[in-house]
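Right, one structure below, let's go through it.
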Amino acid sequence: MLSIFGAKHKKKFRLEEYFRTLSTIPMEIAAFDPQGRYIFLNNYFMTNGIPAKEFLGKDDQYYFYRLGIDAESIKTRQKYFQQALKNKNIVQFTEKLHFPKKNRTFYYKRIFKPILDPSGSRVLAVSMFGNNLTHVILSQKELKYLAYHDKLTGLRNRDAFYDYLDQLIYETMRDKKNLSAVLFIDLDNFKVINDSLGHDYGDLVLQEAAQRMTQSLRKADMIFRLGGDEFTIVLRNMKREWDAASVAEKLISVLSMPYKVKGEVISSITASIGIALVPRDGLDRDTIVKNADMAMYAVKNTGKSGYRYYSVEMTHNSLRRLQIVNQLRKVIEKKDYDNQFMMVYQPILSKNGKEKNYKIIGIEALIRWQNPELGAIPPSTFIPIAEESKLIQAFNQWIIQRSIEDFREIQPYHNNGFYLSLNASPKSLHSDGFSRNLQNALLRNQLNPNSLQVEITETSLLDNDALTQRNLTALAGMGIKLAIDDFGTGYASLNYLQKIPAQTIKIDRSFIDKVNVDPKNQELVKAILLMGKSLNKNLIAEGVETQQHLQFLEDNACRQFQGYLFSKPLPKNNLIGLVTEHNMELTLP
Ligand code: C2E
Ligand code: MG
Ligand code: MG
């Protein structure tokens, strides 16, 4: 090996000395001649048990081949070697050595240091130092893994999603042709699991859901958990826009299968999925996410369990929402309630002993809104918006006051037990002062609490928590009647029903509506009626529009009704007219 340095003894001596010193340093050290052949390897240099001298005079091609290192890794080393030769200076780099057979990868911090002749103009040799950084790099990778993954499900997390999306957008803009989809997935009714069975059950459901989704996707599809029960999936290189729909359908079907958790079978979970296409629905991260999210909400608002593509119309809807919020704010600011809002009242009837004769036992107060700019807006539209924007509190007070005042005018025509039924919006039940407000209003207007009924929707009970429970108990304690409204549209379990101190169940209009066309639906209504009876609840059928509806209900022992067949909701004076004319009774033709 020493011969290659030629005849100059002094120099030869110097290099030998140098290498001798290097031999003792406990790190990997080797040296190459300018052609890249090994001229020195110290004892620490990795040879995998092959005697070091076998490599002397051979180059890295041979070394990599003998050790079974992936030939790809050699390129980096050669590049920096050339650089060290050319610049006659130290270069440092990180080297990744992959051993395909063992499927292991090592990481090295490498330094090439050229050894120059005394004049400094010629490179005699290049020494190479190596530090095995594998464990450091791996722990860095682990840190990165932790930073980009969700602990519970092992899926990538929100940060990873945003990075991935940014990269996708960049590539889409560059390549133009790419078509991708972002699916925004939210599990339906997940909160109920957490609230009723506990978080450990919830966690297991999420893990199972993550696994089911992963299994039904292709390798190239990326799935992320944003938090809670929200997931996103990115589908790249789609051929057609509707490819995303078949993926969504598949996901909904796997996610809706029952979950077996610690011996419990949970079958209420479904999924709502919103789809935004890239580039069609946006070319920046926020727009894409917002649009997919909006599409997901559109699914939630129309009965959950399904998927939807984002459409421009959704943006229109959200503009409409904005207008409604702005107008509601104005009403509240100017205290313009009396000019824009009005309460109407719909009779609730009970079958009398006489044929086709029904007694008015109560009235439900329903709000109407006539806005100078937007026209008439139905409560089913603006109440949820008022709730979400937290504006409802401001005019709840007005609703309570106006309805009670009106009721005091109607009540003198009353029979015993005649009551006013007020709708409580889901969020108001969740607020601190709800029962107190109502109590104050009763005192102020000297109204007996048992002339009042509060309707709470079944869905609002799903957010059942300590506060809601306290409000309900307080209302019941004051002697106010409670009714569960829109029954059948939520997923309240029997367990829930028993916990709520409500005497009355109002069967949702959507069931009554289909009673004469859909035999399955008939069975459902019968079952609800039976269940109500066995729980000792009072049942009211909502939305009774036809004689056939009524006939079916009476045949199945339902005694109380509300609906257009008897009367539409009426302004106070019209209602007074109705009750006085008929002496609180209605006889159908
Ligand atoms: P809800 O409490 O279930 O009220 C019954 C709805 O069914 C009312 O719609 C009523 O007009 C309608 N209805 C009654 N009988 C029939 C029928 O035979 N056929 C049909 N097609 N409809 C019938 P409305 O007044 O549009 O109210 C919709 C929802 O808005 C209510 O559902 C309630 O959840 C909410 N809401 C209305 N007024 C108020 C209010 O003052 N406060 C709160 N928090 N919510 C209200
Ligand atoms: Mg109601
Ligand atoms: Mg209802």
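Only this structure's heavy atoms are used, side chains among them; waters, hydrogens and symmetry mates stay out.
- Residue Y297 places its OH atom among 12 or fewer non-hydrogen atoms of other residues, nucleotides or ligands, all under 6.0 Å distant.
- We find the CG-NZ distance between N538 and K533 to be 9.5 Å, quoted to the nearest 0.5 Å.
- Side chain of S256 to main chain of I252: a donor-acceptor pair is present (N/O by atom type, distance under 3.5 Å, no hydrogens or angles).
- In this structure the side chain of R320 never reaches within 4.5 angstrom of the side chain of T381, judged on heavy atoms.
- The aromatic rings of Y307 and Y309 stand perpendicular to each other, their planes meeting at an angle above 60°, with 30° marking the opposite boundary.
- Taking each heavy atom of M478 and S435 in turn, the nearest pair found is CE-O, 3.6 Å.
- No side-chain heavy atom of I275 sits under 4.5 Å from any side-chain heavy atom of V182.
- A distance-only check finds no donor-acceptor pair linking the side chain of N450 to the backbone of G417 [under 3.5 Å].
- Residue-environment remark: CZ (R104) stays at or below the threshold of 12 foreign heavy atoms within 6.0 Å.
- Here the straight-line distance linking atom CG of L165 with atom OG1 of T232 works out to 8.0 Å at 0.5 Å rounding.
- The CG atom of L143 sits 11.0 Å away from atom CG of L138, with the distance rounded to the nearest 0.5 Å.
- For the pair D243 (side chain) and K239 (backbone), a donor-acceptor distance under 3.5 Å is present.
- If you take CG on N396 and CG on L391, they are separated by 11.5 Å, rounding to the nearest 0.5 Å.
- For the residue pair D508 / S510, a side-chain donor-acceptor distance below 3.5 Å is found, with atom types taken as modelled.
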Practice item. Please step through side chain to side chain donor-acceptor pair (under 3.5 Å) for the pair Q551 and D555, ending with a clear verdict. Key: CA-CA 6 Å; Q551 193 59 51; D555 287 348; 3.2 Å; yes
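- I367 is listed as a side-chain neighbour of M343, based on a closest heavy-atom distance under 4.5 Å.
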Check your understanding: Which is it for R329 and N326 under the side-chain contact (heavy atoms from CB on, under 4.5 Å) test, yes or no, and what are the steps along the way?
Key -> CA-CA 5 Å; R329 284 225 170 86; N326 287 338; 4.1 Å; yes
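- When all heavy atoms of T287 and D281 are compared, the pair lying nearest together is CG2-O, 3.8 Å.
- Atom CG of residue D159 and atom CG of residue L226 lie 10.5 Å apart, to the nearest 0.5 angstrom.
- To the nearest 0.5 Å, the span separating CG on L422 from OG on S403 amounts to 5.0 Å.
- Nearest heavy-atom pair across M238 and A181 is CE-CB, 3.7 Å.
- Heavy atoms only, all atoms of each residue included: D200 and L197 are closest at OD1-O, 4.2 Å.
- For the pair W369/I324, a side-chain contact is recorded, criterion being any heavy-atom separation below 4.5 Å from C-beta on.
- With respect to the salt-bridge test (charged N to carboxylate O, under 4.0 angstrom), the residues K290 and D286 do not qualify.
- Screening I185, I273, T214 against I233 for a side-chain contact (heavy atoms from CB on, under 4.5 Å) leaves a single residue, I185.
- Heavy-atom neighbours of K96 NZ from other residues, nucleotides or ligands within 6.0 Å: at or below the threshold of 12.
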Review point. Going through the checks in order, is the salt bridge (Lys or Arg N to Asp or Glu O under 4.0 Å) test met by R509 and D513?
Key: CA-CA 6 Å; R509 191 168 89 216; D513 197 33; over 6 Å; no
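- Cation-pi geometry between R212 and Y259 is met: under 6.0 angstrom from the ring centre, within 45 degrees of the axis.
- Only one option out of R156, R225, R158 pairs with D150 in a side chain to side chain donor-acceptor pair (under 3.5 Å); it is R225.
- Paired with F161 under the rule ring-ring contact (aromatic ring centres under 6.0 Å, His included), one option of F184, Y148, F224 passes, and it is F224.
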**Study point:** Intermediate values then yes/no, side chain to side chain donor-acceptor pair (under 3.5 Å), T134 and N132
**Key:** CA-CA 6 Å; T134 308; N132 187 342; 2.5 Å; yes
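- One finds no salt bridge joining E523 and K520 here, because no Lys/Arg side-chain nitrogen approaches an Asp/Glu carboxylate oxygen to under 4.0 Å.
- Minimum interatomic distance between L155 and A210 (heavy atoms only, all atoms of both residues): CD1-CB, 3.7 Å.
- At a threshold of 4.5 Å between non-hydrogen side-chain atoms, the residues V261 and E208 do not count as touching.
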Exercise for review: Mind running side-chain contact (heavy atoms from CB on, under 4.5 Å) on L429 and V454 for me, showing each step along the way?
Suggested key: CA-CA 10 Å; L429 265 187; V454 171; 5.5 Å; no
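- Side-chain atoms of Q522 come within 3.5 Å of backbone atoms of V515 as a donor-acceptor pair (strictly under, hydrogens ignored).
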Exercise for review: For K537 and F487, run side-chain contact (heavy atoms from CB on, under 4.5 Å): C-alpha distance rounded to whole Å, both residues' side-chain angles, the deciding distance at 0.1 Å, then the answer.
Suggested key: CA-CA 12 Å; K537 305 281 182 190; F487 186 81; over 6 Å; no
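- Side-chain N or O atoms of N291 include none that pairs as donor or acceptor with a backbone N or O of A276 at under 3.5 Å.
- Taking each heavy atom of P569 and R368 in turn, the nearest pair found is CG-NH2, 3.8 Å.
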Exercise for review: Using the side-chain contact (heavy atoms from CB on, under 4.5 Å) rule, take D486 and E542 through it: C-alpha gap first, then chi angles, then the decisive distance, then the call.
Suggested key: CA-CA 8 Å; D486 301 347; E542 294 186 302; 3.5 Å; yes
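- Using a 4.5 Å cut-off on side-chain heavy atoms (C-beta onward), H549 and Y564 make no contact.
- Side-chain N or O atoms of E455 include none that pairs as donor or acceptor with a backbone N or O of D485 at under 3.5 Å.
- Ring geometry for F395 against F382 counts as tilted: the plane angle lies between 30° and 60°, on a 0 to 90° scale.
- Enclosure of atom CD in E313 is not indicated, since only 12 or fewer non-hydrogen atoms of other residues, nucleotides or ligands lie within 6.0 angstrom.
- Paired with E364 under the rule side chain to side chain donor-acceptor pair (under 3.5 Å), one option of Q346, K506, Q453 passes, and it is K506.
- Remark: K304 does not engage D188 in a salt bridge, criterion side-chain N to carboxylate O under 4.0 Å.
- Looking at heavy atoms from C-beta onward, I348 lies in side-chain contact with I540 at the 4.5 angstrom threshold.
- Side-chain atoms of D221 do not come within 3.5 Å of backbone N or O of L235 as any donor-acceptor pair.
- The shortest distance between side-chain heavy atoms of L529 and K526 does not fall below 4.5 Å.
- In the displayed structure, K262 atom NZ is contacted under 6.0 Å by more than 12 heavy atoms of other residues, nucleotides or ligands.
- Using modelled atom types, no side-chain atom of N440 and backbone atom of N437 make a donor-acceptor pair closer than 3.5 Å.
- If you check the side chains of Q167 and E171, you find a donor sitting under 3.5 Å from an acceptor.
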